[in-house]
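Have a look at the structure below, then the notes.
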Amino acid sequence: MKYWLMKSEPDEFSIDDLAACLPQSEPWQGIRNYQARNFLRDEVKTGDLVLFYHSSCKVPAVVGVAEVTSDAYNDLSAFDSQSAYFDPKSDKQKPRWVAVDIRFNQKLTRIITLAQLKADPKLADMVLVSKGARLSVQPVTEEEFNYIVAL
DNA sequence: GCCAACGTTGGC
DNA sequence: GCCAACGTTGGC
């Protein structure tokens, strides 16, 4: 089993929005970055756990945990000209982008802010706090995952 | 294949 | 809203 951190803008889709989907999972689509896509396609698997992170907001923070409930599948929103995620360059014969499903697992009782993560020497190697970490899907070690959830 | 211009992300 | 740090595009 692997561990991941996924970013979402709470104005677009927050941890509460994910919780409101229960008992259903929610398609995690719209990833339009190749490095993130490669993680989704090749390494994210059913049963993996995800730190849910709020970005581009007042207090950027890890706010909850989600579980991956599908392996990667073609992201159909890339073919929908009405979708904000429409990508005219993605060929239906050779889809460029993938999505996975995730399901709400828990909210952290206390959110762990980016400032806290940066200040914690135990998390100095986290991808999130490393230079220029704009990846919207990024790997987290088991140690980092358990440590953050326990905080 | 290089690289300049442009676009995006995301913290501050 | 600013801007640093990327990523992508497209001419050559």
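Chain letters run A, B, ... following the sequence lines, proteins first, then strands; residues in each count from 1. Quick caveat: nothing in here was measured; it's all calculated off a predicted structure.
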| said: Does this structure show an ion pair linking A:Asp75 with A:Arg96, if we count only N-O contacts that are shorter than 4.0 Å? | reply: no
| message | Testing the 3.5 Å rule here: is there a donor-acceptor pair between the side chains of A:Asp101 and A:Tyr73? | response | yes
| query | Among A:Gln29, A:Arg41, A:Arg37, whose side chain to side chain contact (heavy atoms under 4.5 Å, CB included) with A:Trp97 holds? | reply | A:Arg37
| Does A:Tyr53 place a side-chain N or O at less than 4.0 Å from the phosphate oxygens OP1/OP2 of B:dT9? | no
| task | Might you point out which heavy atoms bring A:Phe52 and A:Ile15 nearest each other, and give the distance in Å? | result | CE2-N, 3.4 Å
| query | Taking A:Trp4 as the fixed residue, which of A:Val127, A:Leu49, A:Asp48, A:Val100 is the one that meets the side chain to side chain contact (heavy atoms under 4.5 Å, CB included) rule? | reply | A:Asp48
| Nearest-Å distance for atom pair CG/C1', residues A:Leu114 and B:dG10 | 10 Å
Between protein and nucleotides 3-7 of chain B, what N or O pairs are separated by less than 3.5 Å?
none

| What is the distance, rounded to the nearest whole Å, between atom CD of A:Glu9 and atom P of B:dT9? | 8 Å
| If you check the A:Tyr34 side chain, which of C:dT9, B:dG11, C:dT8 turns out closest? | C:dT8
| query | CZ of A:Arg32 versus P of C:dT8: gap in Å, rounded? | reply | 13 Å
| task | Send over the distance from A:Lys118 NZ to B:dG10 P, rounded to a whole Å. | result | 13 Å
| Spacing of A:Asn33 atom CG relative to C:dT9 atom C1', expressed in whole Å | 15 Å
| request: Mind checking A:Lys58 for me? I need base, sugar-phosphate or nothing, with any heavy atom below 4.0 Å counting as a touch. | output: nothing
| query | In Å and rounded to the nearest 0.5 Å, what is the CD1 to CZ distance from A:Ile31 to A:Phe39? | reply | 12.0 Å
| message | Nearest whole Å is fine: how far is B:dG10 P from A:Leu5 CG? | response | 11 Å
| task | Verify the contact: side-chain N or O of A:Lys7 to OP1 or OP2 of B:dG10, cut-off strictly under 4.0 Å; return yes or no. | result | yes
| query | Once you round it to whole Å, what is the distance between P of B:dG10 and CD of A:Glu12? | reply | 12 Å
| query | What is the ring orientation for A:Phe13 with A:Trp28, classed by angle as parallel under 30°, tilted 30 to 60°, or perpendicular over 60°? | reply | perpendicular
